Every structure is written in structure tokens, then in C-alpha cells.
J.: 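This structure is in C-alpha cells; I'll ask about it shortly.
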Amino acid sequence: MNSDLAKIQDSLLPAALAAAAKSPFYRRRRDGVPANRAELADYPLTTKADLRDAYPFGMLAVDRSRLATYHESSGTTGTPTASYYTKEDWDDLVERYARVRVGLEPSDTFLVRTPYALMLTGHVAQAAALSRGATVVPADNRSLATPYRKVVQLLHDLEVTLTWSLPTDTLLWAAAAAHAGLRDFPALRALLVAGEPLSEARRDRIAEIWRAPVVQEYGSSETGGLAGECPHGRLHLWADRAIFEVYDPSTGRCAAEGAGELVVTMLVREAMPLLRYHIGDRVEVSYGDCPCGSELPVVRVLGRGAAALDLEEAVFRLPISYGVMFWRARRSDRGLYVQIEVADRYRYAAVRDLTAALAGDALVEAVPPGTLVPVAALTAPPEIMKPRSFYGPGEDWDRALRYY
């Protein structure tokens, strides 16, 4: 690690440890809170199970009157994890997000297509954009009021310049735009994406379809942004705001770099300090020269693993003329089974090429467009959830809580 970077971390660590000493969770752990970096290295990992057990305010290190916002993860695996931020914590969240390499400008119209509600991601993007004077279009991807058909209409009619979404969403927009007959989006200057692993081939395909660069970010619900992309397409961890380690589950040891599972100690966090938080994402972290000149470490996020990214790479290396955007795969005792959506005219060529790219390790099946992503999902009109009590003749009053 660069000595200047280590000095920055060491200057911030005492305040982070002092904040953790005010957290009920860390006060109860072993001998309390570590006193320095050497003791931190031997401190137990903080796990997602710890956060779930501490729900909702067991990690709180400030008086509740100082909280600015409260958030939760999606809770898809059971009890959600809570996170909370003071106004000062939000200043740091916004600063980290606004580091995005394409910049956020007053001239931008920024469509935010990640969740709002209890989740953090949409709120951070909106706050960062507003702090830089941009116009925000809050197109929450959990709202029935903004289905894919509505999103592409907004992209076109409002001359949106930047978007924030899952990588997969950008492909769904492309399919919805084709159904709507919308092809020109000249104002779009970049698509900002996060939330799932992204292979180089899928990234290139998205950029080719939209004729705009794809800029990747990385973070978590509990921490906010942890890494941003440089002009050379590499994700750099914000090691001036956190200490990062790589955990090897086979040995139980942590290292500064290598392959394993990411562990992070937040250095700027008042409301909910996190010491050696085991995010669990599979990553590869490396230090060394980057063409951009940054001294920050580089991270490659593997998600489900390198095998899944390799498969995605093969799918999106198929010629763009085949029109393959949607696929799925599963492994069984009989091997790998892959389905791709492709028009009948390219069916044979796509199956042939993908089978060859996978070196005979898979059974590839072509299915008609609309099989994996139904056309109805791409063309559905907006639905407005609005309670209603009084009805006219012939109106269906059995839909009182879902009146469109």
C-alpha cells in the first residue's frame, strides 16, 4: 500500500474507533473496541448475521435525534439489515458518489432507476446529483408508475443525459424501446450502473446498443459506495475512506490483496460504525500501477464467481446482429444447460457459436423472443396505486386498494 494512503487511513482510524466505542454492539464484543490498527487486525469480523441480530438499532452509536435517515436492505434472505446515517455521514456518502468519473453537472438530466423507499441507493444518487445542480428524474424501479415502457419514454422525451440502474435494466430498456419504436437518444452521455457483477463483454454490448459509455460503481446497502471506475475501466476501492481486506474462507485469514471475500472497516461513519464488516462479496483486490495513475487498490467483483462471469462473457461476445440480450443457465448432474432468446433467423448460428465458445461444456437451446422476458413486461402501461372509496356506475369497487 502507498505510504500516503496509509497515513490518510491512520489519521481517520482513531475517530472511527471512538465512534465504535459508542455502539452497543461493539461495546459488548470481547474486550471492547480495539485501540489501534494492530489490535484491529485481530478483531473479530462483523457479519451480516450480527447486523440482523442487532436490528433495528443495536448498532446505533449516536442519539437518535441526530439521525438524518434510516434504511434497510431488501430482506430477501429473511430479516433485513438496518443502516442509518447522520447529516455528516450523508456528506461523505454524497462526496463518494459524486466522484463518478463522468461527473455530475448542472446541465445533466439524471434518471435514477434504482430503489428508493427503505433502500439507500436511489436516495444517494439523487442527493449527489442535486448537490451538483443536476435535474433528477426519480424513476424508482420498485414503482408500478414507471414500468419499462414509461422509462424509455422519459429517456427520449426529457433528453436524459445520465442514468443510474442495474446493468440488466439497460438491456430491458433497449428491448422496450424497440417495441415502442424509439431509437434515437442523442442526449445520453453515459449509463451509470451497479448492483450486480458485469463482464467486459456485457458492458461493451450495452455501450454499443446505447452508443454511450457504461460506467460502473460498487457498494453495499450498509456502507454506501465503496469503489468507482477510472477512465481505463478499472474499479478503484475508496481506500481513503475505508480499510479493505480480503478474507479467505478456507483459512480464516485476511490479507490486503488477493482473491476471497471483501471485508471493510468504514473510517468516516458516525451513526453506524462498522469494524471489519464481512460483506461477503467474492472479489479480487490488487495494488499496483494503473494507467490512470491512481494509487487506490483495484477490485474485480465476481459475485457468484468467475464461472458465471465467463459464461456471460461468452453470451455477449456473440455478434450483435443476433440480437441476444437475455439468457439463463443452470448446472445439473448432466452438465450446463443454457437458454438464449434469439429470433428464428439467427437460431442456428447463435447456438452453434455459443456452443463452440463454451468448448462443448454446455447444452445450448435457443428460445423465441418473449420466452425469458415477456413482451407484456416491456410494454405494460403505468399502474397507479391509489386507495378509493367512492365509485360511479359500472366501476369495479373490488379494486379499492389497486385502482388504476
Side-chain angles (χ1 to χ4, degrees), residues 74 76 113-114 141-142 144 146-153 155 163 165-183 185 191 193-211 214 302-383:
S74 62
T76 53
R113 181 60 175 173
T114 56
N141 75 347
R142 301 296 175 88
L144 294 174
T146 48
Y148 300 116
R149 168 175 146 183
K150 178 66 174 179
V151 169
V152 296
Q153 198 70 53
L155 290 172
T163 65
S165 70
L166 292 170
T168 297
D169 246 23
T170 65
L171 295 172
L172 291 164
W173 302 341
H179 282 285
L182 299 174
R183 293 177 176 81
F185 300 86
L191 300 114
V193 300
E196 59 188 21
L198 181 64
S199 68
E200 184 178 347
R202 181 159 67 131
R203 175 206 190 102
D204 291 346
R205 181 55 48 82
I206 293 169
E208 188 175 7
I209 289 170
W210 285 101
R211 300 176 187 173
V214 176
L302 301 177
R304 292 164 294 172
L309 281 181
D310 290 343
L311 176 54
E312 179 179 281
E313 186 81 18
V315 170
F316 286 99
R317 287 298 175 206
L318 293 171
I320 191 172
S321 59
Y322 294 175
V324 176
M325 290 194 291
F326 308 120
W327 64 280
R328 65 185 179 187
R330 65 182 175 191
R331 191 172 288 281
S332 68
D333 294 340
R334 292 182 289 180
L336 184 66
Y337 175 50
V338 183
Q339 286 186 329
I340 54 174
E341 267 196 12
V342 60
D344 190 61
R345 61 189 291 195
Y346 297 112
R347 180 188 184 95
Y348 172 78
V351 170
R352 177 200 63 204
D353 291 356
L354 185 55
T355 301
L358 298 175
D361 184 42
L363 172 63
V364 179
E365 179 188 12
V367 297
T371 303
L372 306 184
V373 177
V375 172
L378 301 172
T379 59
E383 298 181 357

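In this text the structure is predicted, and so the values were computed from the model without any measurement.
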J.: Could you give the distance from CZ (Arg347) to CD1 (Ile340), rounded to the nearest 0.5 Å?
T.: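 Answer rounded to 0.5 Å: 9.0 Å.
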J.: If you take all heavy atoms of Leu311 and Ala329, which pair is closest and at what distance?
T.: CD2-CB, 3.5 Å
J.: Considering only heavy atoms from C-beta outward, does the side chain of Ile320 approach that of Ile209 to under 4.5 Å?
T.: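 When only atoms from C-beta onward are counted, Ile209 and Ile320 do touch, with a gap below 4.5 Å.
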J.: How far apart are the closest heavy atoms of Ala380 and Arg149, and which atoms are they?
T.: O-CB, 3.6 Å
J.: How many angstroms lie between CG in Leu372 and CD in Glu341, if you round to the nearest 0.5 Å?
T.: 4.5 Å
J.: Start with the C-alpha gap between Arg113 and Trp173, add the side-chain angles, then the distance that decides, and say whether side chain to side chain contact (heavy atoms under 4.5 Å, CB included) holds.
T.: CA-CA 11 Å; Arg113 181 60 175 173; Trp173 302 341; 3.4 Å; yes
J.: How about Asp353 and Tyr322: do any of their side-chain heavy atoms sit closer than 4.5 Å?
T.: yes
J.: Please report the shortest heavy-atom distance between Val364 and Val351, naming the atom on each side.
T.: O-CG1, 3.7 Å
J.: Apply the test side chain to side chain contact (heavy atoms under 4.5 Å, CB included) to residues Asn141 and Ser165: give CA-CA distance (whole Å), side-chain angles for both, the deciding distance (0.1 Å), then the verdict.
T.: CA-CA 8 Å; Asn141 75 347; Ser165 70; over 6 Å; no
J.: Any side-chain heavy-atom pair from Val193 and Ile206 closer than 4.5 angstrom?
T.: no
J.: Passes salt bridge (charged side-chain N to carboxylate O under 4.0 Å, His left out), Glu200 versus Arg203? Steps please.
T.: CA-CA 5 Å; Glu200 184 178 347; Arg203 175 206 190 102; over 6 Å; no
J.: Does atom OH of Tyr348 have more than 12 heavy-atom neighbours, drawn from other residues, nucleotides or ligands, at distances under 6.0 Å?
T.: no
J.: Using 0.5 Å steps for rounding, measure from the CZ atom of Phe316 to the CG atom of Leu171.
T.: 5.0 Å
J.: Using every non-hydrogen atom in the two residues, find where Val342 and Ala366 come nearest and quote the distance to one decimal.
T.: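 Closest heavy-atom pair between Val342 and Ala366: CG1-CB, 3.4 Å.
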J.: Step through the shown structure and confirm whether more than 12 heavy atoms of other residues, nucleotides or ligands are within 6.0 Å of CZ on Arg317.
T.: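 Result for CZ/Arg317: enclosed.
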J.: How long is the span from the OG1 atom in Thr355 to the CG atom in Leu363, to the nearest 0.5 Å?
T.: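 One finds 7.5 Å between OG1 of Thr355 and CG of Leu363.
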J.: Do Arg202 and Val315 pass the side chain to side chain contact (heavy atoms under 4.5 Å, CB included) test, and can you show the C-alpha distance, the side-chain angles, and the key distance before you say yes or no?
T.: CA-CA 8 Å; Arg202 181 159 67 131; Val315 170; over 6 Å; no
J.: Give a yes or no on whether the backbone of Ala201 and the side-chain of Glu313 come within a donor-acceptor separation of less than 3.5 Å.
T.: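 Pair found, side chain donor or acceptor close to backbone of Ala201.
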J.: Flag yes if more than 12 heavy atoms outside Arg352 fall under 6.0 Å of its CZ atom; otherwise flag no.
T.: yes
J.: Hey, does Phe326 have a side-chain heavy atom less than 4.5 Å from the side chain of Leu172?
T.: yes
J.: Which atoms form the tightest heavy-atom contact between Val214 and Ala207, and what is the distance?
T.: CG2-N, 3.7 Å
J.: Just so I know, are the side chains of Glu312 and Trp327 near enough to count as touching, which here means a heavy-atom distance under 4.5 Å?
T.: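 In short, these two side chains touch, coming nearer than 4.5 Å.
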J.: Apply the test side chain to side chain contact (heavy atoms under 4.5 Å, CB included) to residues Val373 and Tyr148: give CA-CA distance (whole Å), side-chain angles for both, the deciding distance (0.1 Å), then the verdict.
T.: CA-CA 12 Å; Val373 177; Tyr148 300 116; over 6 Å; no
J.: Closest approach of Val367 and Gln339, non-hydrogen atoms and distance?
T.: CG1-NE2, 3.8 Å
J.: Measuring only between side-chain heavy atoms, which start at C-beta, is Pro147 closer than 4.5 Å to Pro381?
T.: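 No, every pair of side-chain atoms sits at 4.5 Å or beyond.
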J.: Measure the spacing between OG of Ser332 and OH of Tyr337 and express it to the nearest 0.5 Å.
T.: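 If we round to the nearest 0.5 Å, Ser332:OG and Tyr337:OH are 10.5 Å apart.
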